[in-house]
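Notes follow the structure.
Chain letters run A, B, ... following the sequence lines, proteins first, then strands; residues in each count from 1. Please read these numbers as outputs of a predicted model, since none were measured by experiment.
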Amino acid sequence: MNEKVNPYKPYMATVQEAWYETTGDRCIKTLKVLFDDEEVRENWSHLPGQCTMIGVLGVGESMISISCSPTEGKFLRFSVMRMGKVTQAIHQLEPGDKLTVRGPYGNNFPVEEWKGKRIVTIGGGIGQAPLRPIIEYVKANRSDYEGLTVIYGARTSADLCFKNELKDLRNCDGVSCHLSIDIEEEGWPHYVGFVPSLLMEVNPSPENTIAVTCGPPIMIKFVLQNLKKLNFADEQIYTTLENRMKCGIGKCGRCNVGNLYVCKDGPVFSYATLKNVPEAFA
Amino acid sequence: MSEKFEPNIVAFLCNWCSYAGADLAGTSRIQYPANLKIIRVMCTGRVNPLFIVNAFQQGADGVLVSGCHPGDCHYMEGNYYARRRFSLIRELLEYIGIDPRRIHMSWVSASEGAKWKDVVEKVVAEAREAGPFDQFRRNKINW
Amino acid sequence: MNSKPKIGVYVCHCGINISKTVDVDAVTEYASQLPGVKVARNYSYMCSDPGQLLIKEDIKKQGLNRVVVASCSPRMHELTFRKALAEAGLNPYYLEMANLREQCSWVHADREEATAKAKKIVASAVAKVRLLEPLEEKEVEVEPATLIIGGGIAGIQAALDIANAGYKVFLVEKTPSLGGKMSKLDKTFPTLDCSACILTPKMVDVASHPNIELMTYSQVEEVTGYVGNFQVKVRKKARFVDVDKCTGCGICGEECRLAGRIPNEFDEGMGKRGAIYLPFPQAVPAKYTIDPERCLFLTRGKCGKSPKCVDACPAGAIDFEQKDEIVEFKVGAIIVATGYDVFDATRKPEYGYGQYKNVLTALELERLVSASGPTGGQVVLGEGESAFVPKEIAFIQCVGSRDKSVGNEYCSRVCCMYTAKLAHLVKEKIPEANVRVYYMDVRAFGKGFEEFYDRVRREGVRYIRGNPSEAFKRGDKLVIKAEDTLTAKTLEDEVDLVVLSVGLEPRKDAREIIDLLRLSQSADKFYLEAHPKLAPVDTATDGVYLAGCAQGPKDIPDTVAQAKGAASSALILLSSGKVKVQAQVSSVDEATCRGCGYCVEICPYGAIELVTVNRFGHKVTVARVNEALCKGCGACAAGCLSGSIQQKSFKDSQILPQIAALGVKQ
Amino acid sequence: MESLKLDKDKLKDFIAALDSKKVYAPQKVGETIKFAPVNGDLEVSLDFANTTVPPKEIVFPQTETMFLFEQGGTDINLTKGGAEKVLLGVRPCDARAMSVVDNLFSWDIDDPYYLDKRKKITLVGLACLEPPLNCFCPSVGGGPASTEGLDILMTDLGDAYLFQPLTPKGEQLCQLSSELLQPAGAEDNARAEELHREAEKKITREVDIKGLAEGLPSLWKSEIWKEVAEPCLGCGICTYLCPTCHCFDIQDEMEGLDGRRCRMWDSCLFKEYTLHASGHNPRPSRRERQRNRINHKFSYFVDKFGVTACVGCGRCINLCPVNIDIVDILSKVKEAL
Amino acid sequence: MVDLENLRTIAKETISREDVKYFIGWREGTYGFSVSPHFVREPAEADKLIFSPLCSNNLATYLTLAEKLPVPRGQEPDTRKVALMVKGCDSRAVVQLLVERGIEREQVVVIGCPCQGVIDTKKVEQLLGQPENVVRARWEKGKIICQLPDGEKEFIKEEVLAQKCLKCRYPNPVIYDILFGEKVEPWCQEEDFQEVKEIEGLTLQERWDYWQEKFSSCIRCYSCRNVCPLCYCEDCILDRLNPTWINRSVNISENTAFQLSRAFHLAGRCIECGECERVCPVNIPLMKLNKKLSKAVKEMFDFEPGLDPEAKPLQASYRPDDKEDFIL
Ligand SMILES: Cc1cc2nc3c(=O)[nH]c(=O)nc-3n(C[C@H](O)[C@H](O)[C@H](O)COP(=O)(O)OP(=O)(O)OC[C@H]3O[C@@H](n4cnc5c(N)ncnc54)[C@H](O)[C@@H]3O)c2cc1C
Ligand SMILES: Cc1cc2nc3c(=O)[nH]c(=O)nc-3n(C[C@H](O)[C@H](O)[C@H](O)COP(=O)(O)OP(=O)(O)OC[C@H]3O[C@@H](n4cnc5c(N)ncnc54)[C@H](O)[C@@H]3O)c2cc1C
Ligand code: SF4
Ligand code: SF4
Ligand code: SF4
Ligand code: SF4
Ligand code: SF4
Ligand code: SF4
């Protein structure tokens, strides 16, 4: 067997930096990692929206979105919510520790196609992770896009990811950022309520705009409804799906929604595609 | 095999009687074979019979569960439950062909350091007679 | 929170106790290779201050978050090291001990084998410690009261001490009077002071102490709850005498139709009493009691025309309607001072006790020599015509002690001395008597004991080393057959009186207390202390302490000393006001629990109940643990088929890796 | 290459002549019939109806180690490829199933584990002259003498087997034992064809699957799924033992410090299959799972690869403990369309 | 004779009750001897119900099998009763479920069906081959009559009855709300555990070899567990990965551990309906394991599960004088 072509064989990588974005039971930790092998590092390329299987030998692998844009440098960033066995092990990693990475998998947000347009990202909770690369990409190629609107919410202010970066966003030209939390908190200057309502509040115009949303299934459902109310066309709406997956390369079976494999045909889907798949919003 | 076979025995001891008894054997400097390794639980009642199955799968050649004499359980009844569970798993294991000389239970009180030695010697001797038990081991990871 | 395990492994030399047989360097080296181990060290005495400091420093400087101490038994030092962890700011339950001393170096001589085993023990501890979770030690309030069971000298002393410290005491005595065995003794060795003279004032103090609630002729029926919060139920048996009215005048006793017809327990059956009686003149409380098994009125429903006692009592205290009374109260601590039984000499039939009148037990002789005894202190045998004063008197020691054949391997500790005492007293009363003592060894270890023994010998008491094989009757005389092991001569010794120095035994009703308080017994069947040296008054049940002969044979000074020890242990608990409850309790994963209730059935403490919860809109039944009641035995965890209930620090997920570590062949 | 003939009593010699390769044939192992290596002294018989465990397990083992590693290590040691194998007596449906599954394991990214074994395997088929009761291969594009996926098709002519080499691999195999194989006559071929036709006629179960691929999604909300799923135990026999089912799980297993990553069969009828770590399950009940099973086989797979992921072997019907009958389901679906 | 009309009437009446969700019985299968569980929600569906010697399935499984899907906010779960038909052995499962609180008594309407034994289709197929068309069968005068395409065939019970039925001591339901049909005279008084004794008679090595061969075929589909009415854990330890009791990989060691664990979990609980053995696709004689434990439980603790809804579960009780001759 030719070792090079075995798609199940991961690359070894090392954690460079690691920090907690949020606290609590289902806390989120961000890892900045670098491949051990120079060659892999050089040959690696990904686009916003793509994912990798990251893992810890002896524990297993999890599909995790790459939460950085290729424009940021030769490293990878992952923001991982602690859910179960594997993510728990990932959370235990500290700078210098090894993890395995294979990928990149899946399609990407067509950020190149979107050039010339305004982008609205609508995120909830850990769902901001796959959206972050878009933001970074647009920031890096600011002149190519008409503008960027970031809408992001979480249960409490402590559950918001990338807080400092979001603050900095306000200083960028043509970029607006709207934050929300679900429950009232002392000293919170921004919106209180659910993300779909914040979206209505922000009321982005569909004109020459692409809306991208990612978050818990229930949030996505209402965001989509509201986008339709705001007259976004199906083709203007993008989202990502997360289904359980094992192989990441369209073999193991479990991630399908209807006849689509999330790992290959997704995770990025336009609403135009998804609305015909009954299982997608089951 | 040229080397003498040394059985590997996993023992589950309750904190109050048998573990204390084994400690007493220690303080009394009573010598016994080193084949047996102890896992301390608070009460034999804690010993899930599937621990025994698991121990064999992990590579034990023999298993011992030891606790307080009936009526002396620190928690009153734990050893009674343990005894009932043990008797069932023992029957089952023997039925599928696992040598009963590998599966033991004993009552050793905190004051029976000497008895502890006897128990260990017996358990080790019987497991030695029964020979190595590799047939049930978890699949080796072969390089 | 869920940080990467950084384990420190500390291998102790224990002087040379461990390092002599276990290659501690090799074990340390091995441990350092185990997954998750950041630091592995060895040190001469881990439990010493510098040893503990080593751990604390590493926790602080190296960021350790788990600790394995490979030293002695966790039963010895687990608390020590938990404390060290806590002092360094780490949760104390992140500790696992590997027992390399009691269960390895001390029991194996072969260095190679012991080292190999030590490695496995350490590997198993490391496998477990990695998965341990921080536990919270909760505290509960302590009820500022103590229950003392048994009103012998031990119970009396403990009660007085605690009461004097200002805490409430409930003293429960089974018989109608306080006093226990000591009240039966005449004089006490080695000082020969009068037993009653020193005991009676104490008994009176107890009865009148405002902090002591004395319940004689009573029995503890039920104890539930846990340290600091015991719920006690006591049955006060009906005396059929209203104690508030009874003045103790004794007229009823004299008038009773059965007066002088019932053997008196207090006089070991040698004296007689009536069905209504006071056990002995100095009894406390000085209240009469009707023996329900003998009283004609109570057994047959009729006592002449009308019960004589009723007619006689000037205070009108007799009350045949009286019923047992149940009283309930809460206490924080319990002291068990239930004393002992003397050995039943009929179990050594070769000495003819029970068969020949002239064979007595020492306790019977105590009553005979006592001025308050059945003979008013005269040592006379037989009654009326045949009464005579014995001249040839032999004591046989170690009857029922140090004797495998009756199952008592222990020494009763008091017999040598009370024999000497009684020999002396007999000599005092019958100066012409020839007194000899058959003995195996004379153990005169206490303060003033050897001197006393010397004195008695000087007084002419002959000591013959040899254990008589039998005593039989020949004519009027008793013949003792023995071998003098010093001269290797067999001899037959004709005597008038044989006194058996019976040993001390656990009480026949010891089981009652075991079941009540979940105590254990040691090999000699006396109640087991938590540790023979370091916790001699504590028991395995938190908040329950031992005093006096209930724990093992001892003389009065030792009894009193221990009673004071038990009292102080109880006082420590009471005065601290709070007690930590078990942290290693069970808890239920409500998401997987199927509500079968197996655990509820299993839990010996009734700590689990089934509750209804909402699971995605459905009402489902699941188990829930009351942590204050859970004692952390884990019986529930092994019985739960779906593994939904787990005992903290002994979870399946923590034990299975231990098994794996032990299974792997090296 | 022309057809050949092998005297039945020479079967053993024929197998012996293939020495270098491992020959697998249906055998009774315990109480089960499955493909197992032909061991020298074992009496070979091809008289079994189809095996309980399909030969897919030879190319797609139930548990397969993918690579080995050491805890804390950085070396990943891929498992070595397997040996060449010959499967003797494969039924045409099972052979077709392999070519169906080939699609999956080679689309977009090749699956090296499967393909390595697949390439090293020669399939010697045996036409089903007495098709068992629940076969419906013709309905799904096969037949009792279908040659798809086979390297050689054997037909039992009574005293001899007719060998029809179908691929270069098959021809090569025949050459290995050329002295045992006689050229077949025209009448032998004709007889075989006759037998094949007769066999096909013996198949009684059928279902018309035309239009299913497009139609099935429209029945998304149909009550059929509830009806199917209600008695279903969710046991997964129907998928584990289906020759075309190919889902797998990946797990790491440790023994001391040694670890392996392996994959093992999985089934879309298990609740854990799609269960998210959050507890959310996109297919929360057996209804959705059965719906996925049928849709996957008869619609999604067709969309993606142009073939139905069912070859009509009837195993799922035979083995389902509660008589969930795929032909019956399809007929109901058809009716509802 | 089984009065199907009566059965269907009972079913219709039951299903018409407001407090009944559905009625579970049996219907004819799609081929040969097959039979399928039948869920009746509408009175019309009741006409498909049958009760015959082919009705092997223990329907009590369905009491706990239905998924409890999240109830949308504002809605109430359907907590109406489930009516189900039970044979003697099945009824013991209901009792045991009551003991283990798998169900509440008021959640079920038990239609007790005295049973004269069901057919082991493997046995009858061996005698007859597998017929294409649906076969009907009935009890008649202590015999079993199969209605085959080419006429009727009569069997004496011993030829075709399932093993579990040959030794059945409880052909009459031990619990029911409605009794369908007449009680039958039990034909077996005492379980002699013959098959178990045969294995016990082998040497250790022979036993080991015997079971290893059987266990090696196991494909770990867990059908035996899924079909078991008493395996209703929300999250079975055999599936669980944290902690892992049984590795997912299928090999002889894991298979053996799996088999032992499953059998042990059913000690003192297995009511011997034989479903696990019936469904096993690779024909592992699982009942010989279960029976061994039944025997042990009977001999050591004089206990039989599934007879008394008030009984204490065997594994959650003890007697101070439990046998302990094995203690060192
Ligand atoms: C395309 C994609 C992108 C994702 N991106 C992120 C991300 O950026 N950050 C993040 O925190 N999470 C992300 N997830 C979810 C993440 O994969 C799961 O939370 C994680 O696998 C849980 O695994 P576990 O082992 O900790 O839980 P366990 O329950 O112990 O895992 C069991 C198995 O189920 C799989 N699994 C469980 N839940 C999910 C799920 N929701 N989705 C997919 N697989 C699952 C795991 O791979 C694992 O093998 C993404 C998932 C997908 C499909
Ligand atoms: C013959 C003889 C001579 C001795 N001479 C001496 C001597 O000279 N000097 C000396 O130091 N020692 C002597 N001893 C030893 C001495 O008797 C003991 O040391 C002492 O009595 C121990 O006291 P105690 O309180 O522990 O037990 P006990 O005196 O036995 O008191 C126990 C009390 O608890 C009560 N009780 C028991 N069970 C219960 C229950 N369940 N509920 C309520 N109450 C209960 C009993 O009724 C009794 O009143 C002698 C012993 C004997 C046998
Ligand atoms: S035994 Fe286990 S499943 Fe049963 S009620 Fe207790 S915790 Fe729940
Ligand atoms: S651990 Fe023991 S005391 Fe605690 S709940 Fe379980 S059975 Fe009861
Ligand atoms: S075999 Fe039958 S019961 Fe089992 S999962 Fe398949 S359809 Fe359901
Ligand atoms: S779905 Fe059923 S009939 Fe079709 S190939 Fe699979 S097992 Fe055979
Ligand atoms: S049904 Fe048979 S094959 Fe399936 S897991 Fe059970 S024993 Fe194994
Ligand atoms: S095998 Fe055990 S854990 Fe699994 S479902 Fe059955 S009883 Fe529950």
Side-chain angles (χ1 to χ4, degrees), chain B residues 45 48-54 56-59 64-67 69-71 77-108 115-116 118-123 126 130 133-141, chain E residues 196 199-200 202-212 214-215 237-238 243-247 249-254 256-268 288-293 295-297 299-301 303 314-328:
Chain B
N48 188 330
L50 301 184
F51 286 162
I52 300 174
V53 174
N54 192 265
F56 285 131
Q57 236 196 326
Q58 302 282 10
L64 168 70
V65 177
S66 187
H69 288 268
E77 316 179 319
N79 53 355
Y80 288 128
Y81 289 112
R83 181 176 64 187
R84 182 169 271 206
R85 294 172 187 147
F86 180 87
S87 62
L88 286 170
I89 197 78
R90 186 175 167 277
E91 287 278 325
L92 182 62
L93 294 177
E94 190 176 345
Y95 183 67
I96 71 142
I98 297 181
D99 199 321
R101 288 176 299 182
R102 306 184 187 283
I103 317 158
H104 295 285
M105 185 165 191
S106 64
W107 304 137
V108 174
K115 178 169 180 195
W116 172 244
D118 295 345
V119 165
V120 176
E121 281 176 349
K122 180 118 197 269
V123 168
E126 293 217 348
F133 191 33
D134 288 328
Q135 298 92 306
F136 189 9
R137 289 207 71 173
R138 250 195 182 143
N139 263 25
K140 259 259 145 56
I141 294 180
Chain E
V196 175
I199 296 184
E200 286 173 340
L202 302 175
T203 65
L204 281 173
Q205 190 60 43
E206 285 165 345
R207 277 183 247 167
W208 179 258
D209 294 343
Y210 174 85
W211 284 112
Q212 291 293 286
K214 304 291 177 204
F215 294 164
I237 63 150
L238 305 170
T244 310
W245 286 95
I246 314 286
N247 273 343
S249 42
V250 177
N251 56 51
I252 185 64
S253 170
E254 303 300 336
T256 306
F258 156 68
Q259 294 286 1
L260 291 173
S261 309
R262 193 199 68 88
F264 182 77
H265 268 196
L266 286 152
K288 288 191 188 170
L289 279 182
N290 295 343
K291 284 261 176 157
K292 165 67 194 178
L293 285 166
K295 177 167 176 273
V297 162
E299 287 175 353
M300 296 194 291
F301 312 119
F303 182 86
L314 177 98
Q315 293 196 32
S317 51
Y318 69 87
R319 279 214 317 261
D321 59 347
D322 277 349
K323 184 179 127 170
E324 63 163 32
D325 52 6
F326 48 83
I327 300 277
L328 279 181

Look only at the side chain of Arg138(B) and the backbone of Ser253(E), and say whether a donor-acceptor pair between them is shorter than 3.5 Å.
no
Under the side-chain contact (heavy atoms from CB on, under 4.5 Å) rule, what do Leu260(E) and Phe56(B) come out as? Steps first, then yes or no, please.
CA-CA 12 Å; Leu260(E) 291 173; Phe56(B) 285 131; over 6 Å; no
Given that the side chain runs from C-beta out, which part of Trp211(E) has a heavy atom under 4.5 Å from chain B: side chain, backbone, both or neither?
side chain
Choice from Ala263(E), Ser249(E), Ala316(E) maximising heavy atom contacts with chain B below 4.5 Å
Ala316(E)
Heavy atoms only, distances under 4.5 angstrom: which of Asp209(E), Val196(E), Thr203(E) has the most pairs with chain B? Name it, please.
Val196(E)
Does the Tyr95(B) side chain pair with the main chain of Lys288(E), one donor and one acceptor, at a distance under 3.5 Å?
yes
Heavy-atom distance under 4.5 Å to chain E: side chain of Asn54(B), backbone, both or neither?
side chain
So what's closer than 4.5 Å to chain B heavy atoms on Lys295(E): side chain, backbone, both or neither?
neither
Between Leu202(E), Ile327(E), Thr256(E), who has the most heavy-atom pairs with chain B when the cutoff is under 4.5 Å?
Ile327(E)
If you count heavy-atom pairs within less than 4.5 Å of chain E, which of Gln57(B), Arg84(B), Met105(B) leads?
Arg84(B)
Answer yes or no: is there a side-chain heavy-atom contact under 4.5 Å between Ile96(B) and Leu289(E)?
yes
Top of Leu314(E), Ile246(E), Ile252(E) for chain B proximity - count of heavy-atom pairs under 4.5 angstrom
Leu314(E)
Can you tell me how far the CD atom of Glu91(B) sits from the CD atom of Glu299(E), to the nearest 0.5 Å?
7.5 Å
Where on Ser317(E) is there a heavy atom nearer than 4.5 Å to chain B: the side chain, the backbone, both, or neither?
both
In Å, rounded to the nearest 0.5 Å, how long is the span from CD of Glu126(B) to CG of Leu328(E)?
7.0 Å
Under a 4.5 Å heavy-atom cut-off, does chain B meet the side chain of Asp322(E), its backbone, both or neither?
both
Most heavy-atom pairs under 4.5 angstrom with chain E, which of Ser87(B), Ser66(B), Pro70(B)?
Ser87(B)
Angle between ring planes, Trp245(E) versus Phe51(B), binned at 30° and 60°: parallel, tilted or perpendicular?
parallel
Closest non-hydrogen atom pair, Arg83(B) against Pro320(E)
NH2-O, 2.7 Å
Most contacts with chain B, counted as non-hydrogen pairs under 4.5 angstrom, among Glu206(E), Glu254(E), Lys214(E)
Glu254(E)
Less than 4.5 Å to any heavy atom of chain B: does that hold for the side chain of Asp321(E), its backbone, both, or neither?
backbone
Give me the atom names and distance for the closest heavy-atom approach of Gln212(E) to Gln135(B).
OE1-O, 4.4 Å
Kindly indicate whether the side chain of Arg207(E), heavy atoms from C-beta on, has any atom under 4.5 Å from the side chain of Glu94(B).
yes
Let me confirm one number: the CH2-CZ distance from Trp208(E) to Phe133(B), rounded to the nearest 0.5 Å.
4.0 Å
Nearest non-hydrogen partners of Tyr80(B) and Arg319(E), listed with the distance
CD2-O, 4.5 Å
In terms of heavy-atom proximity below 4.5 Å to chain B, should Ala267(E) be classed as side chain, backbone, both, or neither?
side chain
Tell me, do Leu50(B) and His265(E) make a side-chain contact under 4.5 Å, heavy atoms counted?
yes
Any side-chain heavy-atom pair of Phe264(E) and Ile52(B) under 4.5 Å
no
Please classify the contact between Ile103(B) and chain E as side chain, backbone, both or neither, with a heavy-atom cut-off of under 4.5 Å.
neither
Rounded to the nearest 0.5 angstrom, the CG-CD1 distance for Leu293(E) and Ile89(B) is 8.0 Å
Counting only heavy atoms closer than 4.5 Å, note whether Asn247(E) contacts chain B via side chain, backbone, both or neither.
both
